[in-house]
Amino acid sequence: MTVRVRMAPSPTGFLHIGGVRTFLFNWLYARQQGGRNLLRIENTDTSREVAEAFDQIKDSLSWLGIEWDEEPTFQLDRIGDCRRVAEQLVSDGRAYEDEGAIRFRMPDEGVTAWDDVVRGRVEVPNETIEDLVLVRSDGRPTYNFASPMEDVWDRITHVIRGDDHISNTPKQINIIRAVGGDLPVYAHVPNIFGADGKKLSKRHGAVGVDEFRDAGYLPEAMVNFLALLGWAPDGETTIMSRDELVRRFSLERVSSSPAQFDYAKLDWMNGVYLRALSTDAFADRLVIWLGEHGYEWDAELVRRAAPLVQEKIARLGEFPGFAGFLFEDVDVSVDGDAEVVRAARDALADLEPFTAESIEAALRGVVDRLGLKPRQGFQPIRVAVTGSTVSPGLFESIELLGRETTLSRLASAAR
RNA sequence: GCCCCCAUCGACUAGCGGUCCAGGUCGCGGCCCUUUCAAGGCCGUAGCGCGGGUUCGAAUCCCGCUGGGGGCACCA
């Protein structure tokens with residue numbers, strides 16, 4: 001039996017990072033087992049929002065490399081099938097009409113139980129399960145009817161979803177049994193919390209996949225980080241390639257307690273991935289990111305600047321703030337430190353060649369002559385040239401900036 | 001209110017009765033390197049929620065408490 005799992009977002013908006021983590025687990029499991037991962041949209045109407053959300057969902061998943069293996073399906077398309085099944089259940093005496101709706105007759109005695117891959121055995125007394133509405137009086141099936149039916153029709157073998165569905169599971173199991181379907185294996189993974197221990201939401205920071213993308217996180221870093229939220233292959237390994245994740249993932253090792261989303265650790269991990277890139281690959285990512293975010297900066301200069309910042313930023317989105325002085329004017333003055341800035345200008349005015357190496361020698365000479373410590377001497381120059389006390393390497397920056405711009409900035413800052 | 005679930009450093013976790021006076025990673029602190037910021041190196045900080053059992057022995061098993069979470073819809 002080949003493994004078949006599914007990702008079932010509702011098209012209500014952007015893809016939430018917590019939900020994506022669950023989808024990632026589905027994908028990892030499917031890939032590892034040589035199975036298939038389906039995308040099913042749990043919609044109940046055809047509004048334009050649905051179409052837009054659907055596109056957004058696909059974009060986000062694609063960006064992360066979470067693939068789906070068959071044509072996406074829509075719950076809406078199977079409303080008719082659901083209704084037919086409901087009517088059949090009525091004639092079988094398993095369901096009944098109730099004020100225009102169709103209700104499923106839940107068993108009154110005993111327990112409904114399953115062996116949850118992450119929770120262990122879960123048992124629910126049937127007396128606590130109310131008769132469930134299958135089809136509303138307006139003819140639309142409810143989620144708790146449509147979802148298990150689709151699992152049956154799609155021959156889903158493993159339902160990997162958020163643990164907020166645990167209480168739905170006994171209902172769905174009873175429905176599947178009533179229609180004679182095969183029960184899937186259930187794996188309920190815990191939700192992700194924000195730093196305050198509450199369900200991750202907007203006020204904790206970024207939660208939509210798009211927001212992380214816009215901030216300049218790498219998809220491979222996101223995947224690595226997400227995989228480690230509630231799962232670990234052992235106690236040591238933290239950086240893992242996509243292939244290694246696929247190879248080592250196991251549902252049994254998914255933790256049953258919820259994890260907090262740690263933005264600081266994500267930043268660290270993204271930095272690790274950024275630094276691991278070759279300088280060319282890093283430059284490619286920078287150019288693409290800048291292009292996608294409205295920066296019309298000279299790509300060649302971006303590429304030359306890339307090596308200067310690769311070790312210094314944790315997110316691509318930090319590049320403009322960090323190296324923007326190479327592309328845009330700066331306007332600062334260095335009141336108390338005009339002397340060293342003027343001297344620097346003089347030293348660089350006719351310097352040949354105008355390279356980082358010679359620039360360094362020249363500026364060190366200036367600083368020495370004035371009897372300044374490197375730190376004292378270089379900082380005003382840095383501010384004059386880059387407009388900031390924090391920047392990439394001074395000498396390399398000056399080389400990239402070029403003599404003309406450098407001289408004019410030094411002059412105007414010392415004025 | 002009623003059900004159900006969860007509980008190891010600030011965070012993510014390893015641990016599945018002795019090899020743990022609890023290990024790794026992030027964070028945090030210190031030192032080194034250093035033109036800033038990073039990166040890197042070294043050192044350090046900090047935890048088994050509480051109380052009872054079981055056992056020769058418990059972070060590991062059981063019970064209670066506390067704390068947190070989720071569910072109880074003609075929402076998904």
Report task. Using heavy atoms to find the nearest nucleotide of RNA chain B for A232(A) and D98(A) separately, return the residue whose nucleotide is more 5′. Result ->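 Of the two residues, A232(A) wins.
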Query raised in the report: R253(A) or D131(A): which one's nearest nucleotide on RNA chain B is closer to the 5' end?
Result: R253(A)
Starting from [atom2] on [N], measure out to [atom1] on [X] and report it in whole angstrom.
X: D267(A); N: A11(B); atom1: CG; atom2: C1'; value: 14 Å
X: E311(A); N: C33(B); atom1: CD; atom2: C1'; value: 13 Å
X: L370(A); N: U35(B); atom1: CG; atom2: C1'; value: 15 Å
X: D163(A); N: C5(B); atom1: CG; atom2: P; value: 12 Å
X: N168(A); N: C74(B); atom1: CG; atom2: P; value: 12 Å

Nearest-Å distance once atom [atom1] is located in both [N] and [M]:
N: C31(B); M: G67(B); atom1: C1'; value: 40 Å
N: A46(B); M: C9(B); atom1: P; value: 14 Å
N: A76(B); M: C63(B); atom1: P; value: 37 Å
N: C48(B); M: C20(B); atom1: C1'; value: 11 Å

Report task. Give a yes/no answer on whether the side chain of R119(A) brings an N or O atom under 4.0 Å of OP1 or OP2 in C4(B). Result -> no
Query raised in the report: Looking at R375(A), does any N or O in its side chain come under 4.0 Å of the phosphate oxygens OP1/OP2 on U34(B)?
Result: no
Report task. Answer yes if the ring centres of H158(A) and F25(A) are under 6.0 angstrom apart, and no otherwise. Result ->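 When the ring centroids of H158(A) and F25(A) are compared, they turn out to be at least 6.0 Å apart.
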Report task. State whether the distance check finds a donor on one side and an acceptor on the other, under 3.5 Å, for side chain K265(A) versus base U25(B). Result -> yes
Query raised in the report: Under 3.5 Å, is there a donor-acceptor pair between the side chain of E211(A) and the main chain of A206(A)?
Result: no
Query raised in the report: Under 3.5 Å, is there a donor-acceptor pair between the side chain of R105(A) and the main chain of G93(A)?
Result: yes
Report task. Verify side chain to side chain contact (heavy atoms under 4.5 Å, CB included) between V302(A) and F327(A), making sure each step is shown before the conclusion. Result -> CA-CA 9 Å; V302(A) 171; F327(A) 307 88; 3.6 Å; yes
